[in-house]
Protein chains: 2
Amino acid sequence: MDSGSALMQQQMYGLSGVCDVGCWKKGRVARVQRKVRLPRGQNLQCWSNRPMELSTSVSMKVRAVREGMVAESSVTEPRNGAHTVPAGLRIESTPTNSYIGYGYVDEENFYRERFVVRFSEVGDRGTMSLEMLASLLQEAACNHVVKIGYGAFAGRDDRLITVTTRMHIEVDRYPVWQDLLEIDTWYCTEGRNAVRRDWTVKDVKSGEIIAFATSTWVMMNMDTKVIQRITDSIRAEYAPWARDPPIWALSEDRIKASSGRIPKINGDAEFQRTGLYPTERDLDMNQHVNNVKYISWTIESLPLEFRATHEIRKITLEYRREVQKGDTVESRAKAELGNNEDSRESSEERFIHVIRNQDGQEINKGRTVWTRLE
Amino acid sequence: MDSGSALMQQQMYGLSGVCDVGCWKKGRVARVQRKVRLPRGQNLQCWSNRPMELSTSVSMKVRAVREGMVAESSVTEPRNGAHTVPAGLRIESTPTNSYIGYGYVDEENFYRERFVVRFSEVGDRGTMSLEMLASLLQEAACNHVVKIGYGAFAGRDDRLITVTTRMHIEVDRYPVWQDLLEIDTWYCTEGRNAVRRDWTVKDVKSGEIIAFATSTWVMMNMDTKVIQRITDSIRAEYAPWARDPPIWALSEDRIKASSGRIPKINGDAEFQRTGLYPTERDLDMNQHVNNVKYISWTIESLPLEFRATHEIRKITLEYRREVQKGDTVESRAKAELGNNEDSRESSEERFIHVIRNQDGQEINKGRTVWTRLE
């Protein structure tokens, strides 16, 4: 990161209005009119190579802090303390504590946050479960959105919401209790109508990237459920925080190995689990069933004896529709026999999955890849 | 805290042996022989008014840091970075970041750790659930044990394990997403044969204590399942880290209101939920069903419509035996009609609970107190 860059931090709470932001990205000015509606605790923050130009129709506090200086005293304490980068601290803190409980948006447009693996996140094997890891990925993504002040309300006036169509996670090694994880996440443009969000998970002590993930997001009309083209004005809204040129978390080999079409399961499921339903504990603040629950349902279709002796290495979920409160779903699976032996290790076992609701409608398809526990 | 006190920090990994520790507590030397077995990532740490006397039969690194000095460079970086107090930082950091991801044992023998409320910890009401809050209490207790290097292996050579017999939580206000919580926890002697662990949960921004909890622990023989007297040698082991004189998290009024005997439920349950069982996801590293699961089962006995319109304020669980892997349990409840109207608010609704296993054996009794959501 350029140590001469400036951090401009604006703290606006409970405000709404229009904010005209001009911001230098890679030598050019990206100017956008942004509708601003910040609930309690959010703050808008931009990095730029030169001081930002900013005019606004709402009253706000503005603090400009030049990086490389210890500037703690000039950073206004935020309303809840959780989501502001303390610029002075970031420079002074030791490697072991920085970013814990505080994410940070780098000038290269990735968000970084550290998490200590909790006792409650570790299962009977002594390792973190895939669901808990996926929950941290979601946490980092949420905090990224909070940090840049963009995402939650994007296009809301046009009755648009962002929805995930695909999620893919690969875990090379599961973390254990007290491991310190550093999660990087970013988004970038994917074709004309999608946005891709990627993640890497680093074990800080070894420096090793132990997990990789990628997801695809589109915009859907809330009323018609039709996927919408991402207009130039929406693109202009998110472009300043998109990673450009786009970067993948997964290597080309991993992308190639994971991009195979997921076949349909019709009447030929080998394994199934029925009568699954979301409880009130599976709903998030927006009344959506937590993404992690779809992972649990997918995994639960396989026999307990298999899950007890194997570890899940990769999961791909392709979402077709959302589970609604009150739905009952069934999760089916069958072994996927290798037609591309060359591209996979012989020790892997693969399954294809489908989750359907009580009306037989497909919620999602999926593929999982497992290895035997030693 | 006495700013002239010294922090002695010893980092010992993967070691076992006997450690002879003499440590000044309140002007007197408390000397104990401690069996030491520290798995990866744990560290032993003591506070004292004067430098500690320490001799040991195992090789270890020792760092003495005088508080009030910036001493970052002399703190050895621990093996995983998660559980060492960076002494310099604690002095220099701003109020918003200190203790996040790092607990800290005060000289008064309480452990303090801060948590930012995660998106995944907040339910469809926008507030944290009781289960998630209980999970953080457990997290803080675990980290306290890790910090002082005592607890997990106490009395293990005598086939003794520590078990909870009672847990009581009161929540005055549930935290919301991004709130910064400060959890204090400590233990103290309770009568001849028990140890009490208490917690307070502070909303850092308002400074208000929003939740209180207390639990009782005894030592049980693993083979005979008989509760054992706490011997003088075991007491000597934990005494240096016990809060003395004992302090309660709950006020006298709260203790009085919550200490009523929990009546039996026989054939007269009004509500019940059967066929509950622990999944592999409910087991912790020690193959025990997570304490939080007992709270969920207790709550789940009540009708969904009731839970959707009410908020749980208090819960008391008295544990009789542990749920085993493979058990199927049932959770029963009935309204508790007030015979002590004076001591409770009229807006409260109370229930008594019982959880039994498939053999009809009582797992735990309980009481919950609810108020209507506005």
Side-chain angles (χ1 to χ4, degrees), chain A residues 40-42 72 75 77-84 86 88-89 92-97 100-102 114-120 122-126 129 131 135-136 138-139 142-143 146 176-180 204-205 279-287 290 292 296 300 304 307-308 325, chain B residues 40-42 72 75 77-84 86 88-89 92-97 100-102 114-120 122-126 129 131 135-136 138-139 142-143 146 176-180 204-205 279-287 290 292 296 300 304 307-308 325:
Chain A
R40 168 170 180 238
Q42 291 199 0
E72 267 183 67
V75 175
E77 196 188 339
R79 271 263 276 277
N80 80 0
H83 280 284
T84 294
L89 265 180
E92 294 231 302
S93 60
T94 62
T96 50
N97 94 319
I100 293 180
Y102 291 95
R114 288 185 172 191
F115 298 90
V116 179
V117 176
R118 295 180 177 172
F119 182 82
S120 62
V122 170
D124 57 340
R125 285 177 192 168
S129 65
E131 288 100 315
S135 186
L136 286 191
Q138 178 185 270
E139 200 63 33
C142 281
N143 291 347
V146 168
V176 301
W177 185 34
Q178 298 183 7
D179 274 355
L180 181 62
V204 172
K205 195 64 206 171
T279 71
E280 74 265 37
R281 266 177 283 277
D282 301 319
L283 299 179
D284 67 21
M285 272 189 291
N286 307 319
Q287 314 294 323
N290 196 311
V292 173
S296 295
E300 280 171 20
L304 192 54
R307 282 141 60 202
K325 229 196 265 199
Chain B
R40 168 171 179 235
Q42 291 198 0
E72 266 183 67
V75 175
E77 196 190 339
R79 271 263 276 276
N80 81 0
H83 279 283
T84 295
L89 265 179
E92 294 230 303
S93 61
T94 62
T96 50
N97 94 319
I100 293 180
Y102 291 93
R114 288 186 171 189
F115 298 91
V116 179
V117 176
R118 295 180 178 172
F119 181 83
S120 62
V122 170
D124 57 341
R125 285 178 192 167
S129 65
E131 288 100 315
S135 185
L136 286 191
Q138 178 184 270
E139 200 63 34
C142 280
N143 291 347
V146 167
V176 301
W177 185 34
Q178 298 184 8
D179 274 354
L180 181 61
V204 172
K205 195 64 206 171
T279 71
E280 75 265 38
R281 264 176 284 277
D282 301 318
L283 299 179
D284 67 21
M285 272 189 291
N286 306 319
Q287 313 293 323
N290 196 311
V292 174
S296 295
E300 280 171 20
L304 192 55
R307 282 140 61 201
K325 228 196 265 198

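Note that this is a predicted model, so its numbers are computed, not measured. Values reported hereafter were calculated over all heavy atoms of this structure, with side chains retained and with hydrogens, waters and symmetry mates removed.
- The choice from B:Asp124, B:Asp284, B:Val292 that makes the most heavy-atom pairs within less than 4.5 Å of chain A is B:Asp124.
- Both the backbone and the side chain of A:Ser120 come within less than 4.5 Å of a heavy atom in chain B.
- Between the NZ atom in B:Lys205 and the CG atom in B:Asp179 there is a gap of 11.0 Å [rounded to 0.5 Å].
- Between chain B and the options A:Val122, A:Thr279, A:Asn290, heavy-atom pairs under 4.5 Å are most frequent for A:Val122.
- No donor-acceptor pair under 3.5 Å is formed between the side chain of A:Gln178 and the backbone N or O of A:Val116.
- The two atoms that bring B:Ser296 and B:Glu131 nearest to each other are OG-OE2, 3.1 Å, heavy atoms only.
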Does the side-chain contact (heavy atoms from CB on, under 4.5 Å) test come out yes or no for B:Leu136 and A:Arg118, once each step is laid out? CA-CA 9 Å; B:Leu136 286 191; A:Arg118 295 180 177 172; 3.4 Å; yes

